[in-house]
Amino acid sequence: MLKRVLKYFNTGVLTCDEKELDADIWKICKETQKKLVKLNTVYHSDEEISAIMSDIIGEPMGEKFRMFLPFYSDFERNIHIGENVFINSGCHFQDQGGIYIGDDVLIGHNVVLATVNHEIDNYAVSRRQCVDGEHIKARHTIY
């Protein structure tokens, strides 16, 4: 399920029925919401935050990863985080198009990284045809 959704988000190639894809995306987003509630509602040590984020994004967190909570995302499975990254509180990542954060990156508080846009077209035949996504790359050593 996840591989099919990521392939669509990263290439635009639809390999299944559109309704099936929508159901898969919705299921992944709902799973992410549960994990974000766990992350954002109680105190966690830096190690716990790193472990929970690793579970959420499906990749190990880089060395020296730090984050102030709360943190928000809708999909959360197309985020890639390098070494020595700090994410300040209140950030929102909309990651369907892919978010790539390089090494030694600091992200300020309340930053929104949005990778999806919608065309304004009332005559679009399907929802998929009016979603346009691009990835974001925060390269090495930026703030």
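Heavy-atom basis, side chains included; hydrogens, waters and symmetry copies ignored. Heads up: numbering here begins at 1 and tracks the sequence.
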- request: Take atom CD of E31 as the centre, draw a 6.0 Å sphere, and report whether it contains more than 12 heavy atoms from other residues, nucleotides or ligands.
  value: yes

message: I'd like to know if the side chain of D95 and the backbone of R77 have a donor-acceptor N/O pair within less than 3.5 Å.
response: yes

- request: Enter the distance from D24:CG to L6:CG here, rounded to the nearest 0.5 Å.
  value: 11.0 Å

message: Taking R4 first and then E20, would you say they form a salt bridge - that is, a charged N and a carboxylate O separated by under 4.0 Å?
response: yes

message: Please say yes or no: joined through hydrophobic side-chain contacts below 4.5 Å, possibly via intermediate residues, are V85 and L113 part of one cluster?
response: yes

- prompt: Does S54 use its side chain to pair, donor to acceptor, with the backbone of S50 at less than 3.5 Å?
  reply: no

- request: Give a yes or no on whether V111 and V105 share a hydrophobic cluster (residues Ile, Leu, Val, Met, Phe, Trp, Tyr; joining criterion: side-chain heavy atoms under 4.5 Å apart).
  value: yes

- line: Separation between CD1 (I25) and CE (M1), nearest 0.5 Å, reads 10.5 Å

message: Below 30° counts as parallel, above 60° as perpendicular, anything between as tilted: where do the rings of F75 and F9 land?
response: perpendicular

query: So, D103 and N84: side-chain donor and acceptor under 3.5 Å apart, yes or no?
result: no

- prompt: Is M61 reachable from I107 through a run of hydrophobic residues whose side-chain heavy atoms are each under 4.5 Å from the next?
  reply: yes

query: Mind checking whether L36 and L69 sit in one hydrophobic cluster, side chains of I, L, V, M, F, W, Y counted as touching below 4.5 Å?
result: yes

message: Taking the side chain as everything from C-beta on, heavy atoms only, tell me whether E76 gets closer than 4.5 Å to F71.
response: yes

statement: Separation between CD1 (I56) and OG1 (T32), nearest 0.5 Å, reads 7.0 Å

- prompt: At what distance, to the nearest 0.5 angstrom, does CD of Q94 lie from CD1 of I79?
  reply: 10.5 Å

- prompt: Does I49 reach the side chain of F65, with side-chain heavy atoms less than 4.5 Å apart?
  reply: yes

task: Report the relative orientation of the aromatic rings in F86 and F68; use parallel for angles under 30°, tilted for 30 to 60°, perpendicular for over 60°.
output: perpendicular

task: Taking the side chain as every heavy atom from C-beta outward, state whether F93 and I101 have any pair of such atoms under 4.5 Å apart.
output: yes

query: Do V5 and L21 come close enough that some side-chain heavy atom pair is under 4.5 Å?
result: yes

- prompt: Atom CZ in R66, atom CG in L106: separation rounded to 0.5 Å?
  reply: 12.5 Å

task: Verify the distance criterion only: is there a donor paired with an acceptor across the side chains of N78 and H80 at less than 3.5 Å?
output: yes

message: Quick one, Q96 and D74 - any side-chain contact, counting heavy atoms below 4.5 Å?
response: yes

query: For the atom pair CG (L39) and CE (M53), what is the distance rounded to the nearest 0.5 Å?
result: 7.0 Å

- prompt: Are the side chains of I87 and I81 in touch, meaning some heavy atoms are under 4.5 Å apart?
  reply: yes

- prompt: Are any side-chain N or O atoms of S89 and backbone N or O atoms of H109, one a donor and one an acceptor, separated by less than 3.5 Å?
  reply: no

